[in-house]
2 protein chains.
Amino acid sequence: MMQSGQGAPTLEMVATRAGVSRATVSRVVNGSPKVTAEVVAVVNEAIAALDYVPNRAARSLASRRTQVIALVVPESTARVFSDPFFASVVQGVALELAQTDYTLNLLIATEADSEKTRRYLLGGNVDGALVVSHHSGDHSYTRLGRELPIVFGGRPMGADVVDSTYVDVDNVEGARTAARHLIEAGRTRIATIAGRQDMPGGVDRLAGWRAELELAGLPHDLVEVGDFSPADGAAAMRRLLARGVPIDGLFAANDQMAAGAYSVIREAGLTIPGDIAVVGYDDDRYGETAAPPLTTIAQSPVDLGAEMARVLVRRLAGEPVERVTMMPTRLVSRASV
Amino acid sequence: MMQSGQGAPTLEMVATRAGVSRATVSRVVNGSPKVTAEVVAVVNEAIAALDYVPNRAARSLASRRTQVIALVVPESTARVFSDPFFASVVQGVALELAQTDYTLNLLIATEADSEKTRRYLLGGNVDGALVVSHHSGDHSYTRLGRELPIVFGGRPMGADVVDSTYVDVDNVEGARTAARHLIEAGRTRIATIAGRQDMPGGVDRLAGWRAELELAGLPHDLVEVGDFSPADGAAAMRRLLARGVPIDGLFAANDQMAAGAYSVIREAGLTIPGDIAVVGYDDDRYGETAAPPLTTIAQSPVDLGAEMARVLVRRLAGEPVERVTMMPTRLVSRASV
DNA sequence: TTGAAAGCGCTAACAT
DNA sequence: ATGTTAGCGCTTTCAA
């Protein structure tokens, strides 16, 4: 099935054909500066003629570098993997890494064999790792940061946060913007459907909402928590309405929960934004066609992923990197406010 | 923890500690049947004691197998990567592969350097590849099937289809089920918002819808095509309504377009299912909380991904595999019909 | 059933 | 600036 000739051409074959030593070919392949331009040309010609591609395994074995970066998605996150946010982060990482010499190793880390994942990562199989959105529970990955270069996506929650490198969307600022928008629209009884409080995004968005309401001297006790799913958003909205107190504004910690809230608001015979103005978070594609179109806080998960990859690659190259990178958010104003 | 002094423990260290040769340790690690149970035990003890993890590069170099499977997502697909369907397929693949000795190499293949991708795949970097949903345009991958074991996700559209191995959801049957459901509900003027006709899913779902209407002796000319996005679904619905002919049933080729159609139907002052009964496809999480909840055709993209991985792994193991595997679909009946 | 020995294709000192 | 020479850690005949 695999043969197109007699096996792949080796560096040695290139050397022979170019009339130089293997070491020289290796230098050319790795872009060493100390090779004559003429020699480089001859070698490259031979490489092209033979359609030579370096053997990763051999290269890795000899150099003790794998050129592999693992993208670890904890299973708990994978459960909401169908959430476009995570999918896009993965996409961003893949696209960025494609520009480099690194290969992407996608790992769904089930909690069952987290030890296996640990072993794998520390077993010299990868040069570094990218870990997306993990909860306060799995400190294992924050710990790993001491033995393997790791860049987290989203602020890690744990004891070792102080010396972890991470890239995050500015959840606090995004939530403040959302709350401010509601306040500027004249709303005074603003509720929020917060996200899981064991996830940084859940905590930070709630904190931002609260901070802005406090600043405006408005009450900030209309809080219900959901798990980021539409169904839970609907349930939270139901609880909010059941409190029997008036509500004229709502900030949902993500668009999926906002979608759930929409249906409950409608069921209750209330209008959006007439009775309740709504702001979501994430700007996933459904908000656009919702009725009314959802005002939301946009971030670019693809950019987040790409930035994580960039930071790790720079760090692997020995360059100094900032420990924290914040990705900006922006308000997408539509008809729900 | 880590052995003092040098880096990771090597097979040789295990051999020394267990008092056997490196060859024997290798056999144990690879599960060779011809090693005494006692020896196996001793070796495994040493492995555990040293926290030994085989070095992939060395293993790969010596065995001439990479133990790497590439998951290729054409960029055109990645654009709709935020579509939960693809994200879930990726998840399924990752979970399945985690059960094996294979490593997942995720590749977003940009059309710009498709040649680079080709080289990479044929350069001995992977043992096999999984390719998801590609269009009629990129025959490159169907061709690759001759030189590298490949399993496609979704029926490949191209000249070499006949000798490609693929796993697909049964789009034709799913669409027939949707149409039948609408017919059984007494609808007689059933329209469809078909998906892109350069994608197998688009073609097959349209064909299934048409076949079922023909069978029932109903007209099947109410067709508009969308690109699977909510926005395009809305546009298609607008065109359908603009025809000025009565419509009492709608089959959307995916839930995202159904979501778009919903908003247009509402805008037009029509009710669901009163005026128009709607059936979607994919059962993504929004359908549940739509108003009214969307009746749809469910497939399991995670299972699809897992099955693709399973088929490829079996094939790499030299076992005979079925060229075509069809994953079942099922009707999820909610309030939109 | 086990061991000895010869590489797998490449990089990295160290020489020249 | 280029070549020589050892390995990197493992699998795999081939013998014993």
Side-chain angles (χ1 to χ4, degrees), chain A residues 2-3 5-44 46-47 50-68 101 103 120 122-127, chain B residues 3 5-44 46-47 50-68 101 103 123-125 127:
Chain A
M2 256 286 333
Q3 55 241 337
Q6 65 266 326
T10 67
L11 184 148
E12 169 136 45
M13 292 164 66
V14 174
T16 305
R17 172 158 187 140
V20 298
S21 74
R22 298 184 316 175
T24 297
V25 176
S26 176
R27 288 185 186 105
V28 172
V29 168
N30 293 294
S32 161
K34 32 187 176 184
V35 183
T36 318
E38 306 149 43
V39 177
V40 171
V42 178
V43 171
N44 278 329
I47 288 177
L50 295 174
D51 208 11
Y52 167 76
V53 180
N55 178 307
R56 272 194 116 84
R59 204 212 278 254
S60 162
L61 182 57
S63 67
R64 306 164 137 290
R65 268 176 288 112
T66 63
Q67 292 296 106
V68 172
D101 256 336
T103 255
Y120 179 77
L122 292 180
N125 295 298
V126 304
D127 289 345
Chain B
Q3 280 312 295
Q6 341 311 334
T10 67
L11 183 149
E12 169 136 44
M13 293 165 64
V14 175
T16 304
R17 172 158 186 141
V20 298
S21 72
R22 298 183 318 178
T24 297
V25 176
S26 177
R27 289 187 185 104
V28 172
V29 168
N30 293 292
S32 162
K34 31 187 177 184
V35 182
T36 318
E38 305 150 43
V39 176
V40 171
V42 177
V43 172
N44 279 329
I47 288 177
L50 295 175
D51 209 9
Y52 167 75
V53 180
N55 177 307
R56 274 195 115 83
R59 204 212 278 252
S60 163
L61 182 58
S63 66
R64 310 166 135 290
R65 267 176 289 114
T66 64
Q67 292 296 106
V68 172
D101 255 336
T103 254
N125 295 297
D127 290 345

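Proteins come first, then strands; the chains are lettered A, B, ... in the order of their sequence lines, and each starts at number 1. All values derive from a computational prediction rather than experimental measurement.
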Looking at OG1 of B/T10 and CZ of B/R22, how far apart are the two atoms once the value is rounded to the nearest 0.5 Å?
8.5 Å

Distance col, row B/L61:CG vs B/T66:OG1, nearest 0.5 angstrom, shows 12.0 Å

Does any non-hydrogen side-chain atom of B/V53 lie less than 4.5 Å from one of A/N125?
yes

How far does CZ of A/R56 sit from CZ of A/R65, to the nearest 0.5 angstrom?
11.0 Å

Using a 4.0 Å heavy-atom cut-off, does A/V29 contact any base of the nucleic acid, only the sugar-phosphate backbone, or nothing at all?
nothing

Respond yes when some side-chain nitrogen or oxygen of B/T36 is under 4.0 Å from OP1 or OP2 of C/dT2, and no when none is.
yes

Short side-chain N/O contact from A/S63 to OP1 or OP2 of C/dT11, under 4.0 Å:
no

Rounding to a whole Å, what distance do you find between B/D101:CG and D/dC10:P?
14 Å

Based on the rotation axes of five pairs at each end, what angle does the helix from C/dT1-D/dA16 to C/dT16-D/dA1 bend through, to 10°?
30°

Where A/V126 and A/Y120 come nearest, the two heavy atoms and their spacing
CG1-CE2, 4.1 Å

OP1 or OP2 of C/dC10 versus the side-chain N and O atoms of A/S26: is any pair under 4.0 Å?
no

If you define the side chain from C-beta out and look only at heavy atoms, does anything of A/T24 sit under 4.5 Å from A/V39?
yes

The criterion is salt bridge (charged side-chain N to carboxylate O under 4.0 Å, His left out); which residues satisfy it with B/D101, sequence neighbours excluded?
none

Nearest-Å distance, CG (A/N125) to P (D/dG9)?
13 Å

Does OP1 or OP2 of C/dC8 have a side-chain N or O of A/N55 closer than 4.0 Å?
no

Candidate nucleotides D/dA1, D/dC10, C/dT11, ranked by approach to the side chain of B/A58 - the nearest
D/dC10

Please state how far atom CG in A/L61 lies from atom P in C/dC10, giving the value in whole angstrom units.
12 Å

For A/R64 and C/dT11, what is the distance between atoms CZ and C1' respectively, to the nearest whole Å?
11 Å

Among the nucleotides D/dC8, C/dG3, C/dG9, which one has an atom lying closest to any side-chain atom of B/A23?
C/dG3

How is B/R65 classified with respect to the nucleic acid when contacts are heavy atoms under 4.0 Å: base, sugar-phosphate, or nothing?
sugar-phosphate

Which whole-number value in Å describes the distance from A/R59 CZ to D/dC8 P?
20 Å

Taken to the nearest whole Å, CZ/A/R22 to C1'/D/dT4 is 9 Å

B/L11 side-chain proximity, nearest of D/dC10, C/dG3, C/dC10:
D/dC10

Which nucleotide in D/dT2, D/dT11, D/dA6 has an atom nearest any side-chain atom of A/K34
D/dT2

Separation between CG (B/N55) and OG (A/S60), nearest 0.5 Å, reads 6.5 Å

Just checking B/V25: base, sugar-phosphate only, or nothing, at a heavy-atom cut-off of under 4.0 Å?
nothing

Taking CZ from A/R56 and C1' from D/dC8, how many angstroms apart are they, rounded to a whole number?
17 Å

Pick the closest DNA chain C nucleotide for B/P33 and for A/A57 by heavy atoms, then say which residue is nearer the 5' end.
B/P33

Could you tell me how far apart A/R27 (CZ) and D/dT2 (C1') are, to the nearest whole angstrom?
6 Å

